[in-house]
Structure formats: structure tokens, C-alpha cells
Trainee: 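First the structure, then my questions, so here it is.
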Amino acid sequence: MSKHCEYIKPNGQKCCAYAVNGYDYCFSHEPELSDKKYEAVRKGGQQIKKPRVEQDSINVSNSKDVTRLLNRCINEIRQGELSPKEANTIGYLANIMLASIKESQIEIKLEEITNAIQRRQED
């Protein structure tokens, strides 16, 4: 069973990460691994990122458009073209868009009903 890192943070709380096998601390806090940690951070910063491909804007005005957008995002995540962070943001905004579309549809129906009632009262 893995044990947790023994490092105590400045706020007095214990680090929640698992300790590296054979050590008392996690990768970030183990003094003997500081050179390896620095190297990993340096390499991560040098990672060549794929240039963003300019994409056509997507019109999202109904639930079918949202479905198309999410389908496209799912495929782009699977192909490594879209980060999970970006996908989460798109998913969040798509959810807001769906709520807005639904509310707009309710407003349209309410207006139609109100107009129908007014026409009947005038007759």
C-alpha cells in the first residue's frame, strides 16, 4: 500500500500526494529527487506545442448545433487536437447555451399564447 508524502506545507497541512516508492516524500518534495524534478519541469516548459489550426467559427443556435459542436470536440480530444481544459470550457458554455436556447423557446411560446389570447378577447 502506498504511503502519503511526509511534507508539511507552510500552512501546517500535510501534502496529499503519494510518496515515491522507497522515499518519505512525493516527487515534488523529495530532496534527493530535486534535480530530476527540475529537469522534468524544464523539459515540460520546452515541449513543442502544436500550432493552433485556424478553425471556422461554429454557429450554435439550436440543440442540433450544440450536438455537432460536442461531437467535434470529442473527436478533437481523441485525436489530441483539443486539451481537456478547453473541452471542459466548451462543455460548460454549451450547457449555458442549451439553457439559453430552451429559455428563448419558452419565451417565444409564451408570446404566441399571449397573442392568441389577445386575439380571442378582441373577437
Side-chain angles (χ1 to χ4, degrees):
M1 187 163 126
S2 299
K3 66 178 186 171
H4 283 87
C5 178
E6 296 293 322
Y7 181 78
I8 305 297
K9 299 177 192 178
N11 65 5
Q13 293 182 342
K14 197 171 178 182
C15 177
C16 295
Y18 287 105
V20 175
N21 287 337
Y23 295 94
D24 293 327
Y25 298 97
C26 68
F27 186 72
S28 293
H29 296 122
E30 176 55 55
E32 291 183 32
L33 300 176
S34 63
D35 290 343
K36 289 184 180 182
K37 178 189 173 194
Y38 172 78
E39 187 64 21
V41 170
R42 188 184 68 74
K43 283 182 179 179
Q46 292 177 343
Q47 182 123 10
I48 298 173
K49 296 185 179 182
K50 293 181 185 178
R52 292 293 293 183
V53 176
E54 197 62 38
Q55 296 190 4
D56 298 333
S57 61
I58 299 172
N59 183 30
V60 183
S61 58
N62 58 48
S63 59
K64 287 182 182 179
D65 292 341
V66 173
T67 301
R68 265 189 237 106
L69 170 65
L70 295 177
N71 187 37
R72 181 172 171 179
C73 289
I74 289 167
N75 288 313
E76 288 178 4
I77 290 170
R78 294 181 70 222
Q79 294 166 1
E81 298 171 357
L82 184 67
S83 74
K85 185 176 179 180
E86 291 171 310
N88 281 335
T89 301
I90 291 169
Y92 176 77
L93 294 173
N95 194 32
I96 292 171
M97 181 60 82
L98 284 171
S100 177
I101 291 168
K102 184 176 182 179
E103 189 165 320
S104 295
Q105 290 171 341
I106 291 170
E107 289 173 355
I108 290 168
K109 291 291 183 191
L110 183 59
E111 188 175 333
E112 289 173 357
I113 291 168
T114 302
N115 290 339
I117 290 170
Q118 287 175 349
R119 282 192 302 272
R120 280 191 178 178
Q121 288 175 346
E122 291 173 359
D123 290 341

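Keep in mind the model is a prediction, meaning the values are calculated, not measured.
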Trainee: By side chain to side chain donor-acceptor pair (under 3.5 Å), which residues pair with Asn62, not counting sequence neighbours?
Mentor: none
Trainee: How far does SG of Cys73 sit from CD of Glu81, to the nearest 0.5 angstrom?
Mentor: 11.0 Å
Trainee: Would you give the length of the straight line joining atom CD1 of Ile77 to atom OG of Ser83, rounded to the nearest 0.5 angstrom?
Mentor: 8.0 Å
Trainee: Would you say that Pro31 contacts Tyr25 through its side chain, given a criterion of any heavy-atom pair below 4.5 Å between the two side chains?
Mentor: yes
Trainee: Which heavy-atom pair separates Lys9 from Lys14 by the least distance, and what is that distance?
Mentor: CE-O, 4.0 Å
Trainee: In the structure I gave you, are the side-chain heavy atoms of Lys102 and Leu98 within less than 4.5 Å of one another anywhere?
Mentor: no
Trainee: Please report the interatomic distance CG(Leu110) to CD(Glu107), rounded to the nearest 0.5 Å.
Mentor: 8.0 Å
Trainee: How close do His4 and Cys16 get, heavy atom to heavy atom, and via which atoms?
Mentor: CD2-O, 3.0 Å
Trainee: Given the rule in the side-chain contact (heavy atoms from CB on, under 4.5 Å) test, do Gln118 and Asn115 qualify, once you have shown the distances and angles that lead to the verdict?
Mentor: CA-CA 5 Å; Gln118 287 175 349; Asn115 290 339; 3.9 Å; yes
Trainee: Taking it one step at a time, do Arg68 and Arg72 satisfy side-chain contact (heavy atoms from CB on, under 4.5 Å)?
Mentor: CA-CA 6 Å; Arg68 265 189 237 106; Arg72 181 172 171 179; over 6 Å; no
Trainee: Sub-3.5 Å donor-acceptor pair from the side chain of Thr67 to the main-chain atoms of Ser63, do we have one?
Mentor: yes
Trainee: Step by step, would you call Asp65 with Ile101 a side-chain contact (heavy atoms from CB on, under 4.5 Å)?
Mentor: CA-CA 11 Å; Asp65 292 341; Ile101 291 168; over 6 Å; no
Trainee: Lys3 and Tyr23: which non-hydrogen atoms are nearest, and at how many Å?
Mentor: CE-O, 3.2 Å
Trainee: Are Tyr7 and Tyr18 grouped together when hydrophobic residues (ILVMFWY) are joined by side-chain heavy atoms under 4.5 angstrom apart?
Mentor: no
Trainee: Please report the closest heavy-atom contact between His29 and Cys5, naming both atoms and the distance.
Mentor: ND1-SG, 3.7 Å
Trainee: To check you understand the geometry: which heavy-atom pair defines the closest contact between Glu30 and Asp24, and what is its length?
Mentor: OE1-N, 3.9 Å
Trainee: Got a sec: does the NZ of Lys85 have more than 12 other heavy atoms crowding it under 6.0 Å?
Mentor: no
Trainee: Can you establish whether the number of heavy atoms outside Glu111 located under 6.0 Å from its atom CD is more than 12?
Mentor: no
Trainee: Looking at Ile74, Leu93, Val60, which one forms a side chain to side chain contact (heavy atoms under 4.5 Å, CB included) with Leu69?
Mentor: Val60
Trainee: If you compare all heavy atoms of Val20 against all heavy atoms of Cys26, which two are closest, and at what distance to 0.1 Å?
Mentor: CG2-C, 3.7 Å
Trainee: What residues, two or more places apart in sequence or in another chain, satisfy side chain to side chain donor-acceptor pair (under 3.5 Å) together with Ser34?
Mentor: none
Trainee: Counting only heavy atoms not in Asn21, do more than 12 sit closer than 6.0 Å to its CG atom?
Mentor: no
Trainee: Out of curiosity, Gln121 CD to Arg119 CZ, how far, rounded to the nearest 0.5 Å?
Mentor: 11.5 Å
